[in-house]
There are 2 protein chains.
Amino acid sequence: EEEIPEDHPRYQDLLTRHRIEKGVEKGITHLQGMHAEGRGSAFDYLLGETTIPSADDAERAAAAHLLLADHPVLSINGNVAALVPGEMVDLAEATGADLEINLFNRTPKRIEAIAAHLREHGATDVKGLEADARIPNLDHQRAKVDEDGIYTADVVLVPLEDGDRAEALNEMDKTELVIDLNPLSRSPQVADVPIVDNIIRAVPNMTEHAKELADADESELLAIIEAFDREVALEQAENRIRSGEL
Amino acid sequence: EEEIPEDHPRYQDLLTRHRIEKGVEKGITHLQGMHAEGRGSAFDYLLGETTIPSADDAERAAAAHLLLADHPVLSINGNVAALVPGEMVDLAEATGADLEINLFNRTPKRIEAIAAHLREHGATDVKGLEADARIPNLDHQRAKVDEDGIYTADVVLVPLEDGDRAEALNEMDKTELVIDLNPLSRSPQVADVPIVDNIIRAVPNMTEHAKELADADESELLAIIEAFDREVALEQAENRIRSGEL
């Protein structure tokens, strides 16, 4: 990672690829995660590889949701763990949220590798190893969650999430915050707060907003949430992808 | 592969991913190829996962170029070998072209694995193992080609090609045919015939055009080439990506 010069015009893209490749090598990231990341990188390219204003609004609203929540949980899959392990730990600390590992291709080995990786990046409590509850209306391994984690959470951040799972979580009446670079895919379409941004920019920015809002009272946080319009955010992201300068 | 139902709405995307994943497992495809394929799949999604009319024109013009060539060569990298091995063999047969393996991340082991894979799919003569010539103005391993292959070819098909290499080949005054799903990337931008289409649709369609044009005389082939406008093809692909129905 130190070999990539920060002033390289493709710095973010190279960094992202490098982290995902390391994730696959370490057994954290599934091979399909490399494909998903490539797909995301094309949308990021069309977005201009920048946090557009509506994404910044979404990140601020998401931070407000996490701060207001009784039981916020940040869901971690293989790509999230590879790309932003320390950044997720920071966001959890800034918002009082739990970290829970949740995988599309769940194996005990991958769960363990990700838990160890998160601990190396400063996590103390990692959920998702118990898997003693199930999300209704979802098949197989993907339904597995912790009873005292995602299952009873009121606000969940699910970055880079599969559409079926995003829908099933939504039906559980949770407030769902989604990070996804394709505004047209199902996960952001069902989210309460769709964040159309690269996760490596989005998560640190959410943490900054959370720190800035740490002393805000409930009415201020509620006002930020009220002011956020999910339809506008999705539309502006699509417009940028359709018409942005390249 | 037989497990993916052909009437699945995401059939092509699933098939492509599956083939690339198998390619990585077999040592044919580099891990970065999975990323590149994911990136391509996003552009294909925006294109509507269809061969647009200007891409069909490009495929017909490319077939005419291959038929008119004195020494046409089809370049094969790890993604091409994983995605369309038999289809490239068919195209080579229909146009009298040579097949030459050419890798961005070149190792003897991968070269051998790809040669064996192509032979399993019907190839008899596979070039790229000698590597006894160099493309000028190109670093490292990527410059390596066969003297009696790409080095002396007058027409080359380079699908899913790296921009540096596409530029260096172009400077050798070859007629360059490029398949790439991003019309804005360097390879199609420098190509004589930019084909903005998914390789799994493009190659069989080029073969069909080549078979249909097998008995055409030189003037007919030249007229097809003359009628093709690369600027229009690039523009129409970008317009479709920007404004297509999804």
Side-chain angles (χ1 to χ4, degrees), chain A residues 9-10 13-27 29-49 78-79 82-83 104-105 160 162-164 180-186 189 196 198 234-235 237-246, chain B residues 9-10 13-49 78-79 82-83 104-105 160 162-164 180-186 189 196 198 234 237-246:
Chain A
R10 312 279 317 142
D13 186 48
L14 292 173
L15 180 69
T16 307
R17 274 199 230 187
H18 174 79
R19 287 191 183 174
I20 282 282
E21 190 171 356
K22 288 281 157 222
V24 174
E25 285 168 7
K26 283 176 106 168
T29 307
H30 192 270
L31 199 49
Q32 291 292 354
M34 194 88 182
H35 186 277
E37 178 55 40
R39 200 168 161 102
S41 82
F43 287 104
D44 201 19
Y45 167 84
L46 293 169
L47 265 180
E49 291 177 348
N79 280 29
L83 291 173
F104 191 90
N105 297 288
L160 320 180
D162 158 66
D164 285 341
D180 195 306
L181 278 158
N182 178 2
L184 301 158
S185 77
R186 251 190 314 155
Q189 291 285 337
V196 182
N198 191 320
L234 289 168
E235 201 182 300
E238 186 179 348
N239 285 346
R240 181 63 75 102
I241 284 171
R242 298 291 204 177
S243 62
E245 286 295 318
L246 296 176
Chain B
R10 314 276 318 140
D13 186 47
L14 293 174
L15 180 69
T16 306
R17 276 199 228 188
H18 173 79
R19 287 191 182 175
I20 281 283
E21 191 171 355
K22 287 282 157 221
V24 174
E25 286 168 6
K26 284 177 105 168
I28 287 173
T29 306
H30 192 269
L31 199 49
Q32 292 292 352
M34 193 88 182
H35 187 277
E37 180 54 40
R39 200 169 162 102
S41 82
F43 286 104
D44 201 20
Y45 167 85
L46 293 168
L47 266 180
E49 292 178 347
N79 280 30
L83 292 172
F104 190 90
N105 298 288
L160 321 180
D162 157 65
D164 284 342
D180 194 307
L181 277 158
N182 177 2
L184 301 158
S185 77
R186 251 189 316 154
Q189 290 286 337
V196 183
N198 191 321
L234 289 168
E238 186 177 349
N239 285 347
R240 179 64 74 104
I241 284 171
R242 298 291 204 179
S243 61
E245 286 295 317
L246 296 176

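As the structure is a computational prediction, the values presented were derived from the model and not from experiment. Chain A is the first sequence line, chain B the second, and so forth, proteins listed ahead of strands; every chain is numbered from 1.
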Proximal to chain A - members of residues 27-37 of chain B, heavy-atom separation under 4.5 Å: B:H30, B:L31, B:Q32, B:M34, B:H35, B:E37
Heavy-atom proximity to chain A below 4.5 Å, by part of B:D44: neither
Partners passing side chain to side chain donor-acceptor pair (under 3.5 Å) against A:D180 (at least two apart in sequence or in another chain): A:S185
By salt bridge (Lys or Arg N to Asp or Glu O under 4.0 Å) - contacts of A:R17 (at least two apart): A:D13
Geometric cation-pi criterion, A:R39 with B:Y45: 6.0 Å, 45°: yes
Residue list, side chain to side chain contact (heavy atoms under 4.5 Å, CB included) with A:E235, at least two apart or on another chain: A:N239
